[in-house]
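By convention in this document, chain letters (A, B, ...) are assigned in the order of the sequence lines, proteins followed by strands, and residues within each chain are numbered from 1.
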Number of protein chains: 2
Amino acid sequence: MNNAGARRRPPTIHDVAREAGVSRGTVSRVLNGGHYVSPPSLEAVNAAIRKTGYVVNRHARSLITGRSDSVGFLLTEPQERFFEDPNFNVLLRGCTQALAAHDIPLLLMLAGTEDERRRIKRFITAGHLDGVLLVTSHSADPVAEELHKAGVPVVQCGKPMRSGSKVSYVAADDRDGARDMVRHLLSLGRRRIGIVTGPLDSPGGVDRLAGYREVLTEAGLAVDERLVVSGDYSRAAGEAGTERLLTQAPDLDAVFVASDLMALGALTALRRAGRRIPEDVAVGGFDDSIAATEATPTLTTIRQPYDRISAEMVRLLLAQLGGEDPAAVILPTELVRREST
Amino acid sequence: MNNAGARRRPPTIHDVAREAGVSRGTVSRVLNGGHYVSPPSLEAVNAAIRKTGYVVNRHARSLITGRSDSVGFLLTEPQERFFEDPNFNVLLRGCTQALAAHDIPLLLMLAGTEDERRRIKRFITAGHLDGVLLVTSHSADPVAEELHKAGVPVVQCGKPMRSGSKVSYVAADDRDGARDMVRHLLSLGRRRIGIVTGPLDSPGGVDRLAGYREVLTEAGLAVDERLVVSGDYSRAAGEAGTERLLTQAPDLDAVFVASDLMALGALTALRRAGRRIPEDVAVGGFDDSIAATEATPTLTTIRQPYDRISAEMVRLLLAQLGGEDPAAVILPTELVRREST
DNA sequence: GAGCAGTGTGTGCACGTTCCCAATCCATCG
DNA sequence: CGATGGATTGGGAACGTGCACACACTGCTC
């Protein structure tokens, strides 16, 4: 007889208690920190756990504690963006690993359509999740606020649009990063610096543009509005935006593109227009995603510390679960110089 | 007073029963299919559910049913590959959505290191998951077999290495796809066709190579071993492999590269060697990933129906959960012609 | 030696659900 | 008219755990 496939009934806390010669209560105490347990009991229980192969039943525990000991990773973004943009993956992996270190499973929730959003919102507010890590690039999204209002701990990636919001978030210092890049371009002697911005309904997009304006003004250069076009971080937008720039200001000698993915599009557009990079036009990106090193030429960019961002998101969420108040973390960026400037 | 953040106690099945004027049992029956419930009761219960906003407590349910009503998506792959290869994302999204349609949450588990593998294996075999969707590109991986032996339903993406295995899997018809591509290259008049294979410890890699050999032999061409090098689906391997090909067989006029990602590397290597694509060397990829359309020139490739693959994986898993036996599904591929040939 | 504080241990209850069995109702049949 | 049986309903028990409480024991103080 082949009985592979027949799952045996897993050992319970009772089995462990019997094996160790103690009561359920003592086993439970060992499982939850080991306070008020004598050394002999502790040892006996641990031995029994090893022997029986006991693993706590999370459902029974959750039923009584009211916690689920799991968190959700919510991505509210059109589906194509998820494939196209490697940054989501980096964040997803970072969060998964940071949580794994705490033995907390991560539930992946993709809310592309309005229908999915509704379903997911109901799932979360039903109390099936202790908290939510939220990733979205158009931060006007009300979902963070809604979940927070419903009493669900949330940490958002990127600054929320509404300034009065009490939602936790982790973001890179967009404005400072933009300043660094534009100063770098100026230091190369470039004076006609264009910009393809991020979405201007998000603080990330707004702040990068603000840094650009600030440095130019500071350098005594008037901001020429023909050098400013807006995009949405996608590759296609980078290409289209750069084409507009070339039309509006054919004399540009540098472009600051607010995401690496858009910068790839910019390279395509510039090459098609016969401009050499970086000789004719220097190109600066933002993110330092995997795309930056794979591009030809490799891309000078502003590095966002994604590994730290995901680690901080998890840290803030766990802190909230521990009763602390929501908080904000701004992380520094760094200029990475490569061939495109 | 601001009491946002105070989660109210959610309504239970008792509340619904009281509201509807029936017993818990009746509510439970409505929740689980509505058999043996009179129309008036059914209506009353549904009204009460709407009124109270009741959502079933999955933990309490799982505790008694022994099911968790959630499945895991397990990726056993070095971490970099997860970022680099867009195909994983496509699969991940496909599975998430197919499961969402059944209201089944997906837990993401990334097993890059040996330590993570152990932790995850313990988690799964502890019964916290009803089943596992497994994605790996080196299918010699014993984890599928192990989980299956432990009684956990598994569906693997890609054919397992061990032929005696009873593990469910979904795969594209690798051999047939390879045949189509090589026939296509032959039809263009190419006669010195190189190949950069996938990992040869996986059926996918082996089968694509087999298809290549088969068509060449069928066409009366001897297989020149200098035209065969092996890779691992990564971009870097594609570049290195193509360089080796150019050294071993400088007269090649086409390359069949066993993944689109490797094909990107091949384009780089060929361009560096001064070969025009497709005039001097035609390049054919495999996958039809997002990379294929973003490459310059765009890539002729063999389309793997990823959307159908993920849908079938979920279907097979749910079938197993319903008591059906493991099964295998092979899906047809399709040649997509673009600029590189 | 009684009282007390602190440590260690066992037990009953509750969490919210499903499952199972018994009870009831009603229509049909002999 | 009683028996039969299917449809419908209610309620007890159980799932495995954490928590509150009661109790036992120790060592110390007065």
Side-chain angles (χ1 to χ4, degrees), chain A residues 7-46 48-49 52-70 103 123 125-130 321, chain B residues 7-46 48-49 52-70 103 123 125-130 321:
Chain A
R7 246 194 258 212
R8 281 193 309 275
R9 169 184 154 284
T12 74
I13 205 173
H14 289 88
D15 301 325
V16 176
R18 189 171 347 104
E19 179 70 31
V22 298
S23 72
R24 291 172 7 241
T26 301
V27 177
S28 177
R29 275 185 288 267
V30 172
L31 258 32
N32 298 294
H35 304 301
Y36 291 94
V37 177
S38 68
S41 296
L42 183 65
E43 181 45 41
V45 169
N46 280 328
I49 289 177
T52 55
Y54 171 78
V55 178
V56 66
N57 182 322
R58 301 174 85 104
H59 299 125
R61 172 181 283 174
S62 294
L63 181 57
I64 184 142
T65 61
R67 290 175 288 117
S68 70
D69 292 316
S70 57
D103 249 305
F123 182 86
T125 51
H128 293 316
L129 250 33
D130 290 348
L321 297 188
Chain B
R7 243 195 261 212
R8 281 192 310 274
R9 169 183 154 285
T12 74
I13 204 173
H14 289 90
D15 301 325
V16 176
R18 187 168 352 101
E19 179 71 31
V22 299
S23 73
R24 293 172 1 248
T26 301
V27 178
S28 177
R29 277 185 287 268
V30 171
L31 258 31
N32 298 294
H35 304 302
Y36 291 99
V37 176
S38 67
S41 298
L42 182 67
E43 182 44 42
V45 169
N46 280 329
I49 289 177
T52 56
Y54 170 78
V55 178
V56 67
N57 181 322
R58 300 173 86 101
H59 299 126
R61 172 181 284 173
S62 294
L63 181 56
I64 182 132
T65 60
R67 290 174 289 117
S68 69
D69 291 317
S70 57
D103 249 303
F123 182 86
T125 51
H128 293 316
L129 250 34
D130 290 348
L321 297 187

How close or far is atom [atom2] of [N] from atom [atom1] of [X], stated in whole angstroms?
| X | N | atom1 | atom2 | value |
| --- | --- | --- | --- | --- |
| B:D15 | C:dC15 | CG | P | 11 Å |
| A:N32 | D:dA20 | CG | P | 12 Å |
| B:I64 | D:dT17 | CD1 | P | 15 Å |
| B:L63 | C:dA14 | CG | P | 17 Å |
| A:H128 | C:dG16 | NE2 | P | 13 Å |
| A:H14 | C:dT11 | NE2 | C1' | 11 Å |
| B:I13 | D:dT9 | CD1 | C1' | 14 Å |
| B:R58 | C:dT17 | CZ | P | 13 Å |

Any idea how A:H59 and B:H128 line up, ring-wise: parallel (<30°), tilted (30 to 60°), or perpendicular (>60°)? perpendicular

Answer with base, sugar-phosphate or nothing: what part of the nucleic acid does B:H59 contact at a heavy-atom distance below 4.0 Å? nothing

Is there side-chain contact between B:R9 and B:D15, with heavy atoms separated by less than 4.5 Å? yes

Are [X] and [N] close enough that a side-chain N or O sits under 4.0 Å from OP1 or OP2?
| X | N | result |
| --- | --- | --- |
| B:T65 | C:dT18 | no |
| A:S28 | D:dT17 | no |
| B:N57 | C:dT17 | no |

List every contact pair, protein side and nucleotides 5-10 of chain C side both N or O, where the distance is under 3.5 Å.
unit_1, atom_1, unit_2, atom_2, d
C:dT9, OP1, A:S38, OG, 2.7
C:dT9, OP1, A:S41, OG, 2.8
C:dT9, OP2, A:S38, N, 2.9
C:dT9, OP2, A:S38, OG, 3.3
C:dT9, OP2, A:S41, OG, 3.3
C:dG10, OP2, A:S23, N, 2.9
C:dG10, OP2, A:S23, OG, 3.0
C:dG10, OP2, A:T26, OG1, 3.0
C:dG10, N7, A:R29, NH2, 3.2
C:dG10, O6, A:R29, NH1, 3.3

Taking all non-hydrogen atoms of both residues, which atom of A:L321 and which atom of A:D130 are closest, and how far apart? CD2-O, 3.3 Å

So does B:D69 get a backbone contact from the side chain of B:R58, meaning a donor-acceptor N/O pair under 3.5 Å? yes

Got a donor-acceptor contact below 3.5 angstrom from the B:T52 side chain to the B:A48 backbone? yes

Give the intermediate values and the outcome of side-chain contact (heavy atoms from CB on, under 4.5 Å) for residues A:V27 and A:E19. CA-CA 11 Å; A:V27 177; A:E19 179 70 31; over 6 Å; no

Quick one: do A:I49 and A:L31 satisfy side-chain contact (heavy atoms from CB on, under 4.5 Å)? Show the steps, please. CA-CA 10 Å; A:I49 289 177; A:L31 258 32; 3.6 Å; yes

